[in-house]
Student: 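Please read through the structure below; I'll follow up with questions.
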Protein chains: 2
Amino acid sequence: MNQKNTKDPGSGKRQRYIQPSILMSLKLKSSYGYELIQEIQKLGFVEGSAPPGMIYRHLRQLEEEGMVCSEWHTEGAGPARRIYRLTPEGDDMLYSWIQYMEDQARKLKDFTEGYYRITGCQGTSHSIE
Amino acid sequence: MNQKNTKDPGSGKRQRYIQPSILMSLKLKSSYGYELIQEIQKLGFVEGSAPPGMIYRHLRQLEEEGMVCSEWHTEGAGPARRIYRLTPEGDDMLYSWIQYMEDQARKLKDFTEGYYRITGCQGTSHSIE
DNA sequence: TACATATATATCCTTAAAGGATATATGTCA
DNA sequence: TGACATATATCCTTTAAGGATATATATGTA
């Protein structure tokens, strides 16, 4: 059972919730791109390091939309950092995400419970044919 | 709170779990494209009618991959129907989807619970700034 | 017969999001 | 000096979904 198919769920370009992960990280603490790559791993949706291009693309887009704002920090060691901060609009957007994610979680739960209802309990064969 | 942002979660091209919805419908009952459009609505992820093009595209792709098989049914009223049936491989793939979806549901729950942990309980303001 | 409607499948193009490669610049340390 | 870690930026490709449109068959009805 559960052989490796050519196309496994999760192998494609599935939703990885990178945008809400960035917003959530920034709600906890203002930060910058390079650090966010590490931070968002802790939130569970991105395994390993997210490609930097994705993070910077999201940050630029979020700033365009007014969800975050940024300023250069040149003091301190190493190259200058662009520090991003969540705006009130971004805070609202994060809350919209939370509601969306709760809704998705509920639908997923209904779906998988429905599956186990027709196949018998979890842990037994999933086949009825 | 929760003003309408220019880009609301769920407005873009988010994951709608159409493939597992089709597999689940076919596990319950062999069916054909036109009927599946109605059936998968009941599974919660697709509101309204899914665009027919999406359904037929998925069915063709799933058949190519050996997850479903089909045969024409010409008897009965109306145009001929191509009846799709889940294969054992498709059954395995559905189970892979179930595991993936359970994992996603757990991550989503952790994420939203983490949010409420830092903002206070659900129902109060989501702002801490 | 002619036409409208419901049923049913198929094909096509566009857009959104993610994957992933690469370039550039700065400071530290051996 | 050269290697390395830090840090940002830009670019192109791939995948999945959105959505429009074409085609064909059977039925009811004016």
Side-chain angles (χ1 to χ4, degrees), chain A residues 6-23 30-40 45-65 68 70-84 97 100 104, chain B residues 5-23 30-41 45-65 68 70-84 97 100 104:
Chain A
T6 46
K7 214 152 197 185
D8 235 34
S11 70
K13 302 194 178 181
R14 303 287 142 89
Q15 193 167 15
R16 293 174 69 194
Y17 297 101
I18 290 180
Q19 191 178 97
S21 294
I22 290 173
L23 295 173
S30 291
S31 183
Y32 54 98
Y34 195 82
E35 188 180 54
L36 283 168
I37 293 172
Q38 276 77 250
E39 288 299 315
I40 65 170
F45 289 104
V46 181
E47 61 252 36
S49 287
M54 274 185 54
I55 301 301
Y56 292 109
R57 189 182 351 115
H58 270 108
L59 287 170
R60 265 199 308 280
Q61 191 196 316
L62 286 168
E63 186 161 34
E64 257 177 48
E65 296 171 358
V68 303
S70 68
E71 48 187 24
W72 284 100
H73 277 225
T74 48
E75 64 274 16
R81 300 164 172 177
R82 186 187 278 277
I83 303 286
Y84 286 88
W97 268 108
Y100 172 77
Q104 281 292 103
Chain B
N5 297 314
T6 45
K7 214 154 199 183
D8 236 34
S11 68
K13 302 193 177 182
R14 302 286 143 86
Q15 193 166 15
R16 292 174 69 194
Y17 297 101
I18 290 179
Q19 190 177 98
S21 294
I22 289 173
L23 294 173
S30 290
S31 183
Y32 53 98
Y34 194 83
E35 188 180 55
L36 282 167
I37 293 172
Q38 275 78 249
E39 288 299 314
I40 65 170
Q41 286 183 54
F45 289 105
V46 181
E47 61 252 35
S49 287
M54 276 185 54
I55 302 300
Y56 292 108
R57 190 183 349 114
H58 270 108
L59 288 171
R60 265 198 310 279
Q61 191 196 314
L62 285 168
E63 186 160 34
E64 259 177 48
E65 296 171 358
V68 303
S70 68
E71 48 187 25
W72 284 100
H73 277 225
T74 48
E75 63 275 14
R81 301 163 171 178
R82 187 187 278 275
I83 302 286
Y84 286 89
W97 268 108
Y100 172 77
Q104 281 291 102

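Throughout, a chain's letter reflects where its sequence line sits, starting with A, and its residues are numbered from 1.
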Student: Considering residues at least two apart in sequence or located in another chain, which fulfil the side chain to side chain contact (heavy atoms under 4.5 Å, CB included) criterion with Tyr34(B)?
Tutor: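 Counting only residues at least two positions away or on another chain, Tyr34(B) forms a side chain to side chain contact (heavy atoms under 4.5 Å, CB included) with Tyr32(B), Gln38(B), Tyr56(B).
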Student: Roughly how many Å is it from OH in Tyr17(B) to P in dA17(D), rounded to a whole number?
Tutor: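 My rounded result for the distance is 11 Å.
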Student: What residues form a ring-ring contact (aromatic ring centres under 6.0 Å, His included) with Tyr17(B), not counting sequence neighbours?
Tutor: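 Checked Tyr17(B) against ring-ring contact (aromatic ring centres under 6.0 Å, His included); matches are Phe45(B).
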Student: Without decimals, in angstroms, what is the distance between Glu63(B) CD and dA10(C) P?
Tutor: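 To the nearest whole Å, that distance equals 9 Å.
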Student: Which sits closer to the 5' end of DNA chain C, Ile18(A) or Pro52(B), going by the nucleotide each is nearest to?
Tutor: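 Counting from the 5' end, the first nearest nucleotide belongs to Pro52(B).
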Student: Starting at atom CD1 of Ile55(B), determine the distance to atom P of dG18(D), rounded to an integer number of angstrom.
Tutor: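 That distance rounds to 10 Å.
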Student: For Leu59(B) and dA17(D), give me the distance from atom CG to atom P, rounded to whole Å.
Tutor: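 For the pair Leu59(B) CG and dA17(D) P, the rounded distance is 13 Å.
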Student: With respect to the phosphate group of dA17(C), does any side-chain polar atom (N or O) of His58(A) fall under 4.0 Å of OP1 or OP2?
Tutor: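 Negative; the distance criterion is not met.
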Student: Rounded to whole angstroms, how far apart are CE on Met54(A) and C1' on dT15(D)?
Tutor: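 It is 13 Å, rounded to the nearest whole Å.
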Student: Tell me, please, which residues at least two apart from Arg82(B) pass side chain to side chain donor-acceptor pair (under 3.5 Å).
Tutor: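 Arg82(B) satisfies side chain to side chain donor-acceptor pair (under 3.5 Å) with Ser70(B) once adjacent residues are dropped.
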Student: For residues 71-79 of chain A, please give each side-chain donor-acceptor pair under 3.5 Å, one per line with the distance, not counting sequence neighbours.
Tutor:
none

Student: May I ask you to test the Gln104(B)-Gln104(A) pair for a side-chain heavy-atom distance under 4.5 Å?
Tutor: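 No; the side chains remain at least 4.5 Å from each other.
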Student: Is there side-chain contact between Ile22(B) and Val68(B), with heavy atoms separated by less than 4.5 Å?
Tutor: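 When only atoms from C-beta onward are counted, Val68(B) and Ile22(B) do not touch, as no gap falls below 4.5 Å.
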Student: With no angle test and no hydrogens, is the base of dA9(D) tied to the side chain of Arg60(A) by a donor-acceptor pair under 3.5 Å?
Tutor: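 Flag unset: no donor-acceptor pair detected.
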Student: Can you figure out which of dG19(D), dA10(C), dA17(D) approaches the side chain of Tyr84(B) most closely?
Tutor: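 The closest nucleotide is dA10(C).
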Student: Extract from the structure each pairing of a protein N or O with an N or O of nucleotides 5-7 of chain D at less than 3.5 Å, listing the distance.
Tutor:
| residue | atom | partner | partner atom | Å |
| --- | --- | --- | --- | --- |
| dT6(D) | OP2 | Tyr34(A) | OH | 3.3 |
| dA7(D) | OP1 | Arg81(A) | NE | 2.3 |
| dA7(D) | OP1 | Arg81(A) | NH2 | 2.3 |
| dA7(D) | OP2 | Tyr32(A) | OH | 3.1 |

Student: With a 4.0 Å limit, can you tell me whether Arg57(A) has a side-chain N or O closer than that to the phosphate oxygens OP1/OP2 of dA17(C)?
Tutor: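 No, no such contact exists.
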Student: Under the salt bridge (charged side-chain N to carboxylate O under 4.0 Å, His left out) rule, collect the residues that match up with Glu39(B), sequence neighbours excluded.
Tutor: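 For Glu39(B) the salt bridge (charged side-chain N to carboxylate O under 4.0 Å, His left out) partners, ignoring immediate neighbours, are Lys42(B).
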Student: What is the distance, to the nearest angstrom, from the NE2 atom on His73(A) to the P atom on dG27(C)?
Tutor: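 In whole Å, dG27(C) P and His73(A) NE2 are 16 Å from each other.
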Student: Rounded to whole Å, how long is the line connecting atom CD of Glu65(A) with atom C1' of dA16(C)?
Tutor: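 Taking CD of Glu65(A) and C1' of dA16(C), I get 13 Å after rounding.
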